[in-house]
Amino acid sequence: ALTVNVARGAHAGCTGAWFGRESGTAAELSQALNGVEVVLDAHVSALATGRVSTNKGEFEGDVYFDLPPARLVELLGSAAPFGLANEVSRLRCRHALEVVVTGGHTLPVITHVVDGPMPFYRLVRQGLLPGNGHLRGTVNVQFAVETNDPLWNTSEASLVADVVTALQSLGLNDVSGEGARVQRVANHHPVWAY
């Protein structure tokens with residue numbers, strides 16, 4: 001099964017890049033599994049129902065893509081379930097915005113934010129997830145924003161500075177913008193309501 005995994009880094013291993021980000025041409029579906037390959041530390045050679053074959057053996061279960069729904073339909077092409085393209089064409093999405101900063105050592109792996117100094121909804125310490133030791137000492141600050149949200153067009157330097165200030169106001173005094181990264185993916189988070 002191929003599924004859009006809206007909960008990317010929170011429920012699956014991640015390397016700091018978008019999980020399952022495609023590479024190569026749309027016709028090469030197996031190449032779109034580079035995020036999965038990193039998690040498995042393996043190269044994908046074939047896909048079959050409920051099974052992924054790699055150079056390290058076969059893995060059973062679903063394959064999760066963290067791609068905008070329209071991109072997933074494009075990758076599937078004629079293999080997409082009947083009506084999915086039409087359904088996705090009417091689906092409203094929000095942009096994904098993520099700022100990765102150093103610090104946040106006192107946080108648990110995942111912190112959902114209901115109300116705070118900025119409209120981020122989740123803080124994730126990817127370095128505490130299996131296989132992500134190289135990300136220790138960082139926290140991913142995740143937003144879902146509308147097209148007209150000023151944050152979407154804010155410069156990286158200003159956005160990082162605002163995030164660091166917001167996190168420090170929450171008592172995370174070890175947070176720093178040194179080596180920070182900003183990732184933006186348009187039309188990423190589906191709004192599952194009409």
Asker: Contact between Val191 and Cys93 at the side-chain level, heavy atoms closer than 4.5 Å - yes or no?
Answerer: no
Asker: Does the side chain of Phe143 reach to within under 4.5 Å of the side chain of Val99, using non-hydrogen atoms?
Answerer: yes
Asker: Does any part of the side chain of Gln142, heavy atoms only, come nearer than 4.5 Å to the side chain of His189, both counted from C-beta?
Answerer: no
Asker: Could you check Val113, Leu151, Val141 and say which one makes a side chain to side chain contact (heavy atoms under 4.5 Å, CB included) with Met118?
Answerer: Leu151
Asker: Quick one: NE2 on His188 to NE2 on His95, what's the gap to the nearest 0.5 Å?
Answerer: 12.0 Å
Asker: With a 4.0 Å cut-off on N to O distance, would you call Arg122 and Glu98 a salt bridge?
Answerer: no
Asker: Measuring only between side-chain heavy atoms, which start at C-beta, is Arg184 closer than 4.5 Å to Glu156?
Answerer: yes
Asker: If you look at every heavy atom in Ala180 and Val101, which pair is closest and at what distance?
Answerer: CB-CG1, 4.1 Å
Asker: Could you walk me through whether Arg90 and Val88 satisfy the side-chain contact (heavy atoms from CB on, under 4.5 Å) test, starting with their C-alpha distance in whole Å, then the side-chain angles of each, then the deciding distance to 0.1 Å, before giving a yes or no?
Answerer: CA-CA 5 Å; Arg90 296 182 292 126; Val88 164; over 6 Å; no
Asker: Does Leu172 reach the side chain of Val139, with side-chain heavy atoms less than 4.5 Å apart?
Answerer: no
Asker: Tell me, do Gln168 and Val164 make a side-chain contact under 4.5 Å, heavy atoms counted?
Answerer: yes
Asker: Under 3.5 Å, is there a donor-acceptor pair between the side chain of Thr111 and the main chain of Leu107?
Answerer: no
Asker: Tell me if a side-chain donor or acceptor on Thr102 pairs with a main-chain N or O of Ser176 at a distance below 3.5 Å.
Answerer: yes
Asker: Are Leu159 and Leu97 close enough that some pair of their side-chain heavy atoms sits under 4.5 Å apart?
Answerer: yes
